[in-house]
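Just the heavy atoms: all of them, side chains too, but no hydrogens, waters or symmetry mates, feed the values below.
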Amino acid sequence: MSDHSEAKWYVVHTYSGYENKVMTDLEKLVENRGMQDLILDIKVPTEMVTEIVDNKKREIERKIFPGYVLIKMIVTDDSWYVVRNTRGVTGFVGPNSKPVPLTEQEVAALGVEKRSVEVNYKVGDNVNIIDGPLETFSGVVDEIDVEANYVRVVISMFGRETPVELELNQVELVD
């Protein structure tokens with residue numbers, strides 16, 4: 001049994017259009033070979049974008065990094081071999097195709113690991129803004145979206161109500 005804390009995120013280069021195929025093939029291989037301890041997670045980062053075609057709006061999921069798949073794994077000869085030899089994979093991203101893990105900052109910036117934020121406030125609550133350019137302002141929570149790490153707070157600015165969008169951890173409940 002290996003220590004999951006050793007696992008890091010790596011980036012694999014794939015043929016364009018093969019990202020999801022690589023992800024599903026790898027997931028099957030991991031399961032078939034019982035490698036869940038070595039290859040913990042596989043992601044193709046996507047974002048939702050609004051596309052306007054013929055005056056019709058529609059939400060589409062778009063790959064943020066076409067041609068790349070992110071894999072959280074512990075690199076051993078076996079895990080490296082399995083990933084490297086998955087159809088559609090052209091190699092690890094790193095010098096001489098040697099896997100180089102992403103830094104904590106890169107992982108956070110890519111949003112591949114959802115950090116759970118404890119929210120102790122709800123719509124209608126009075127909150128103080130504790131971070132960012134509007135620090136020290138207070139207002140009323142108008143909308144919360146935990147999945148998107150987003151809260152809308154209505155603050156009073158220049159004598160009028162102004163909605164501002166913040167991250168969940170930028171506000172706290174007024175005692």
*Grab the two heavy atoms, one from Ser156 and one from Glu161, that are nearest each other, plus how far apart they are.*
CB-OE2, 4.1 Å
_Distance in Å, Lys8 NZ paired with Glu104 CD, rounded so as to fall on 0.5 Å steps_ = 6.5 Å
*Of all heavy-atom pairs between Ile130 and Asn169, which one has the smallest distance, and what is that distance?*
CD1-O, 3.7 Å
*Closest approach of Val141 and Lys122, non-hydrogen atoms and distance?*
CB-O, 3.5 Å
*Would one find more than 12 heavy atoms of other residues, nucleotides or ligands at under 6.0 Å from atom CZ of Arg84?*
yes
*Among Thr86, Val89, Thr14, whose side chain to side chain contact (heavy atoms under 4.5 Å, CB included) with Val69 holds?*
Thr14
_As an exercise, state the distance from CZ of Arg62 to OG1 of Thr50, rounded to the nearest 0.5 Å._
10.5 Å
*asked:* How long is the straight-line distance from CG of Asn20 back to CG of Asp25, given to the nearest 0.5 Å?
replied: 10.5 Å
_Tell me whether Glu31 at atom CD has more than 12 heavy atoms from other residues, nucleotides or ligands lying less than 6.0 Å away._
no
*Heavy-atom side-chain proximity of Val22 to Tyr68 below 4.5 angstrom*: no
_Spacing of CG belonging to Asn128 relative to OG1 belonging to Thr136, to within rounding of 0.5 Å_ = 9.0 Å
_Pairing residues for Thr103 by the side-chain contact (heavy atoms from CB on, under 4.5 Å) criterion, not counting sequence neighbours_ = Gln105, Glu106
*Which distance, rounded to the nearest 0.5 Å, do you find between the CG of Leu173 and the CG of Asn126?*
8.5 Å
*Co-membership, hydrophobic cluster, residues Val107 and Ile64, 4.5 Å side-chain*: yes
*Going hydrophobic residue to hydrophobic residue with side-chain gaps under 4.5 angstrom, can you get from Met157 over to Val127?*
yes
_Could you check whether any side-chain heavy atom of Leu70 comes within less than 4.5 Å of a side-chain heavy atom of Leu102, counting everything from C-beta outward?_
yes
*asked:* Within the supplied structure, the quantity of interest is the number of heavy atoms (other residues, nucleotides, ligands) at a distance under 6.0 Å from Tyr15 OH; does it exceed 12?
replied: no
*Quick one: sort the Tyr10 and Phe92 rings into parallel, tilted or perpendicular, breaks at 30° and 60°.*
perpendicular
*Test side-chain contact (heavy atoms from CB on, under 4.5 Å) applied to Phe65 and Val11, step by step*: CA-CA 10 Å; Phe65 309 108; Val11 181; over 6 Å; no
*Could you tell me whether Asp142 and Arg152 make a salt bridge, using a distance below 4.0 angstrom between a side-chain N and a carboxylate O?*
yes
_Please determine whether side-chain contact (heavy atoms from CB on, under 4.5 Å) holds for the pair Trp80 and Leu38, giving the CA-CA distance in whole Å, both sets of side-chain angles, and the decisive distance to 0.1 Å._
CA-CA 10 Å; Trp80 181 89; Leu38 292 176; over 6 Å; no
_Nearest-0.5 Å distance that lies between atom CD in Glu135 and atom CD in Gln170_ = 9.5 Å
*asked:* Tell me whether Tyr150 shares a hydrophobic cluster with Val119, the cluster being built from Ile, Leu, Val, Met, Phe, Trp, Tyr side chains joined at under 4.5 Å.
replied: no
_I need the minimum non-hydrogen distance between Ile155 and Gly139, along with the two atoms involved._
CG2-CA, 4.1 Å
_Are more than 12 heavy atoms, taken from residues, nucleotides or ligands other than Glu27, located less than 6.0 Å from that residue's CD atom?_
yes
_If you count every heavy atom of other residues, nucleotides or ligands that lies below 6.0 Å from Asp77 atom CG, does the total exceed 12?_
no
*Verify side-chain contact (heavy atoms from CB on, under 4.5 Å) between Lys63 and Val44, making sure each step is shown before the conclusion.*
CA-CA 7 Å; Lys63 292 182 183 79; Val44 175; 4.1 Å; yes
*Single-linkage hydrophobic cluster, 4.5 Å side-chain cutoff, Phe158 and Val140 together*: no
*Check the pair Val82, Leu26 against side-chain contact (heavy atoms from CB on, under 4.5 Å), reporting the backbone distance first and the verdict last.*
CA-CA 8 Å; Val82 166; Leu26 254 175; 4.0 Å; yes
_Quick one, Ile71 and Val83 - any side-chain contact, counting heavy atoms below 4.5 Å?_
yes
*Is the closest side-chain heavy-atom distance between Val151 and Tyr121 below 4.5 Å?*
yes
*Find out if a path of hydrophobic residues (ILVMFWY) with successive side-chain heavy-atom gaps under 4.5 Å connects Val171 to Val123.*
yes
